[in-house]
Amino acid sequence: MRRAMQRFHTEPAPLKLRKPTLHSVRSMGAGQNAPTIPDTDGVNDMLQEAGQNATLMDVARGILDRLVERPELEVQVEEILFLKECLGSNLETLAMPCMLLQRDTGDVTPGGYDFLMTYTKQVNTSSSCPGTPGSRSRTPSVAFTRPPSWESLKSSMLEDFDKWDFDSFELADATKGNPLHFAGWKALDAFLTDQTSDIFLEMEKTTRFLEAVEDMYAKQGSVLYHNNVHAADVTQCVHALLSQFGFAAYFDQLSILALILGAAVHDMGHDGRTNSFHVNTCDEIALTYNDISVLENMHISKTFKLMHSDPSTNILDGLKTDHRTRLRKEMVEVVLGTDMSSHFSSVADFKTLIEKLGNDPREWHCEAKAMSALRVMVLHAMDISNPAKVLHISDKWSDLLRQEFFLQGDEEKRLGLPISPLCDRETVRFASSQVGFFTIIVQPTFALMAELQHPVKDVLLAHLQSNTETWEARKRKESADHSSPQASAQPAGVSRSDRSGSVCRTASRQEGSNNSLPSELRTVLPGVSSSRRW
Ligand code: CMP
Ligand code: MG
Ligand code: ZN
């Protein structure tokens, strides 16, 4: 809406809708061909007359068509075409003809903006007129034009979506558990509204795709951290980094699309267990992907299988073949790049690139590998960005991850496997691990991002610094608690293999590979499989 209105206001040809008088607007309904902006009942009648498949868009188009027949209003043909284009791209602009009349009369007409918006809400929440999915290209039905709980969102939430301190937990509540649908929709806004672009996504397919992706994530209760809220959060973070921290300037539209879609799907199908767990239990995905980035391979493979299994979710259908090919390549690349096993090599490579090519990636374009490293770094950095959020949000993520790790530890115990670092609820020094994760993993990553865009330092690194201090204080308390005589009687000093009974062949493989890590890192990252590149 904002975009459409901006464009509307900056159109070179000024609107030639002669100001109708209040009387002329109110009398528009009189006479057989005289169009009117109907009220809710009127729209309902029109929809009923038109039959089951009619949508609110159809009604609005009908109104526009008939407005052309009102020479006394001097509505320009270009204006009608523009309004039609808006109707095809964004439900909110549906109300535009009403707003035009409303604005020009200076009066809230009975069939004005509010009526149509109210009506829109009714249609969205009722199943009486859902439209026919897939029956018209680029003509979305009302039921498919907005995330389901959009109307219940506070306007401040819509406005805050660009900001770093956006609260995805609040979004999850406000959308009644569908935050990814909303976040994906908002982040993809530019690709849904600019029909003139080569890279245009159909609204209906996009909403079906986002719904299906959200469905394939575990929900808040079942997997505590790697669920649809985390996916929505990372999508919002990528969006904020691109739009508010200047990173969009480095990429073309297709790469921006790859990053947003990559963020939305990057943990799809996650079961709350780490790569090591999958490898050590020799399960289906470890066998499928030969122990190499098993989760990440699964996330991105599921994504493309989803698109190809059902044409109604294939959002890339409308793109040119070469665009589709490149988009797939970039999505695969960025999602595989979220495997923590490549963290240190990604950061080292990225540092070398900055040293070699300078800190303005707009000058890196002839270096395909450098641009690829930058894309990977953007998604990976946002995936580990929870420590750089305001403390109360950061703490929630830490706690959810801690609990998810503990559930894995419980299962490892049940299965007689060695308990992964950070996963043993009886012995873990979680505060210490957080200090490690924040300082060894996250800080160097954001320090590099800040070399490209200084606001990263002022906002993300500032939060990170302050949160690290908080965790350092917690760590001191934790150490004191652990060194008390009572604590030393606890099983903290018992080695994992001593306590877990039998050690399977694959489990010892994990232990062996963890031993090759710098010792402080073994207590920071629990889930890095033997496929990592340290
Ligand atoms: P995932 O989201 O798959 O990829 C990034 C990983 O970083 C994430 O899984 C966790 O394993 C890890 N991670 C993210 N946040 C934290 C944190 N606060 N403490 C420890 N590990 C984290
Ligand atoms: Mg992941
Ligand atoms: Zn993730």
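Note that ligands are numbered from 1 as they come in the structure, with each ligand's atoms numbered from 1 the same way. Every value quoted in this text rests on a predicted model; they were computed, and no experiment measured them.
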Subject >> Option passing ring pair (Phe, Tyr, Trp, His ring centres under 6.0 Å) with His239 (candidates Phe161, Phe166, Trp164) >> reply: Phe161
Original post:
If you count the atoms of ligand 1 from 1 in the order shown, which ones are under 4.0 Å from a heavy atom of Asp267?
Top reply: 1 (P), 2 (O), 3 (O)
Original post:
Starting from atom 13 (N) of ligand 1, which protein heavy atom do you reach first, and at what distance in Å?
Top reply: Phe437 CZ, 3.3 Å
Original post:
Does the distance from a Lys or Arg side-chain N to an Asp or Glu carboxylate O, for Asp322 and Arg326, drop under 4.0 Å?
Top reply: no
Original post:
For the ring pair His266 and His230, is the centre-to-centre distance below 6.0 Å?
Top reply: yes
Original post:
Tell me: protein heavy atom nearest atom 15 (N) of ligand 1, and distance?
Top reply: Asn386 ND2, 2.8 Å
Subject >> Ligand-side contact atoms (ligand 1) for residue partner Ile384, heavy atom cut-off under 4.0 Å >> reply: 5 (C), 7 (O)
Subject >> Polar side chain donor-acceptor pair, Ser255 to Asp252, under 3.5 angstrom >> reply: yes
Original post:
Can you tell me which residue and heavy atom of the protein come closest to atom 4 (O) of ligand 1, and the distance to 0.1 Å?
Top reply: Asp383 OD2, 2.9 Å
**OP:** Using side chain to side chain contact (heavy atoms under 4.5 Å, CB included) as the criterion, list what pairs up with Glu451, not counting sequence neighbours.
**Re:** Ile354, Leu448
Original post:
When you check the side-chain N and O atoms of Gln434 and Asn467, is any donor under 3.5 Å from an acceptor?
Top reply: no
**OP:** Keeping waters out of it, list the protein N, O or S atoms under 2.8 Å from the Zn ion (ligand 3).
**Re:** His230 NE2, His266 NE2, Asp267 OD2, Asp383 OD1
**OP:** Considering the heavy atoms of Gln434, write down every atom of ligand 1 situated less than 4.0 Å from one of them.
**Re:** 17 (C), 18 (N), 19 (N), 20 (C)
Original post:
Looking only at non-hydrogen atoms, which of Trp397, Phe405, Phe430, Tyr225 approaches atom 14 (C) of ligand 1 most closely?
Top reply: Tyr225
Original post:
Looking at Leu401, which atoms of ligand 1 are within less than 4.0 Å of one of its heavy atoms?
Top reply: 10 (C), 13 (N), 14 (C), 15 (N), 16 (C), 17 (C), 19 (N), 20 (C), 21 (N), 22 (C)
Subject >> Enclosure of His454 NE2 (heavy-atom neighbours >12, cutoff 6.0 Å) >> reply: no
Subject >> Parallel, tilted or perpendicular: rings of His226 and His270 (30°, 60°) >> reply: parallel
Subject >> Exercise: do Ser197 and Gln253 side chains pair donor with acceptor under 3.5 Å >> reply: no
Original post:
If you measure from OG on Ser168 to CZ on Phe182, what distance do you get to the nearest 0.5 Å?
Top reply: 10.5 Å
Original post:
Counting only protein atoms, how many N/O/S atoms are less than 2.8 Å away from the Mg ion (ligand 2)?
Top reply: 1
Original post:
Nearest protein heavy-atom contact for atom 6 (C) of ligand 1: which residue, which atom, what distance?
Top reply: Met340 CG, 3.6 Å
Original post:
Is it the side chain (CB and beyond), the backbone, both or neither of Thr274 that lies under 4.0 Å from ligand 1, heavy atoms counted?
Top reply: neither
Subject >> Side-chain ion pair, Asp233 and Lys396, N-O less than 4.0 Å >> reply: no
**OP:** Check whether the side chains of Gln465 and Glu469 place a donor and an acceptor atom closer than 3.5 Å, and report yes or no.
**Re:** yes
Subject >> Close approach of His226 to ligand 1, heavy atoms, under 4.0 angstrom >> reply: yes
Original post:
Could you walk me through whether Glu472 and Arg476 pass the salt bridge (charged side-chain N to carboxylate O under 4.0 Å, His left out) check?
Top reply: CA-CA 6 Å; Glu472 271 163 351; Arg476 283 193 290 279; 5.3 Å; no
Subject >> SB check Asp399 Arg402 (cutoff 4.0 Å) >> reply: yes
Original post:
Is there a donor in the side chain of Glu478 and an acceptor in the side chain of Ser432, or the other way round, less than 3.5 Å apart?
Top reply: no
Original post:
Residues two or more places apart in sequence or in another chain: which of them pass side chain to side chain donor-acceptor pair (under 3.5 Å) with Lys302?
Top reply: none
Original post:
Which is it for Leu422 and ligand 1 at heavy atoms under 4.0 Å: side chain, backbone, both or neither?
Top reply: neither
Subject >> Sub-4.0 Å heavy-atom approach of His230 to ligand 1 >> reply: yes
